[in-house]
Amino acid sequence: MKREIKTGSNTSMGFDDEKIRTFESVDAWRAEGERLFGKDVKKWKYKCPMCGHVAAVQDFIDAGLDGQEAANSAYCECIGRYTGKGSPKKGDSSGCNWAGYGLFGIPHGGVVVMTGEGSGQHIFEFAEE
Ligand SMILES: [Zn+2]
């Protein structure tokens with residue numbers, strides 16, 4: 001089904017929930033994270049939609065972020081932003097400078113998490129083991 005959601009005070013996006021996996025609440029998304037990786041958020045892993053690099057929240061902590069920042073960055077930023085990587089390059093999954101909240105959003109892949117009535121965020125998908 002085609003849907004339109006608000007992603008910020010002045011931004012919105014359209015998507016097809018048959019093409020992009022959609023969690024109907026933050027709780028539903030959290031439950032999936034716990035199912036895959038357990039309760040310790042530092043162990044949660046996400047896949048960059050641009051270069052395919054998989055990074056855990058712990059990797060962001062190791063790169064210098066504090067725990068809260070790391071938990072909030074890992075689902076919308078490629079670790080490459082903190083390890084000096086540039087634009088995504090074909091065939092290089094070692095990290096890039098992509099951020100899902102940037103001008104170009106997430107052009108393919110990712111998941112949508114509904115955060116309220118008619119609003120949500122398009123974020124990186126979990127990296128399934
Ligand atoms: Zn990347």
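Remember, it's 1-based here, ligands and their atoms both numbered in the order they're listed. We number each residue from 1, following the sequence as shown.
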If only atom types and distance count, is the side chain of [X] paired as donor or acceptor with the main-chain N or O of [Y] below 3.5 Å?
X: His53; Y: Ser93; answer: yes
X: Asp16; Y: Met1; answer: yes
X: Glu69; Y: Asp66; answer: yes

Residues 36-43, side-chain donor-acceptor partners within the protein, below 3.5 Å, at least two apart:
| unit_1 | atom_1 | unit_2 | atom_2 | d |
| --- | --- | --- | --- | --- |
| Lys39 | NZ | Glu34 | OE1 | 3.0 |
| Asp40 | OD1 | Lys42 | N | 3.1 |

Could you pull out all donor-acceptor pairs under 3.5 Å where a side-chain atom in residues 94-107 meets a protein atom, sequence neighbours excluded?
| unit_1 | atom_1 | unit_2 | atom_2 | d |
| --- | --- | --- | --- | --- |
| Ser94 | OG | Lys85 | NZ | 3.1 |
| Ser94 | OG | Asp92 | OD1 | 2.6 |
| Trp98 | NE1 | Gly105 | O | 2.8 |
| Tyr101 | OH | Glu77 | OE2 | 2.3 |

Please report how many protein N/O/S atoms lie under 2.8 Å from the Zn ion (ligand 1).
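Count of protein N, O, S atoms less than 2.8 Å from the Zn ion (ligand 1): 4.
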Please tabulate, one pair per line, all N/O donor-acceptor pairs under 3.5 Å involving side-chain atoms of residues 120-127, not counting sequence neighbours.
| unit_1 | atom_1 | unit_2 | atom_2 | d |
| --- | --- | --- | --- | --- |
| Gln121 | NE2 | Thr7 | O | 2.9 |
| His122 | NE2 | Gly109 | O | 2.9 |

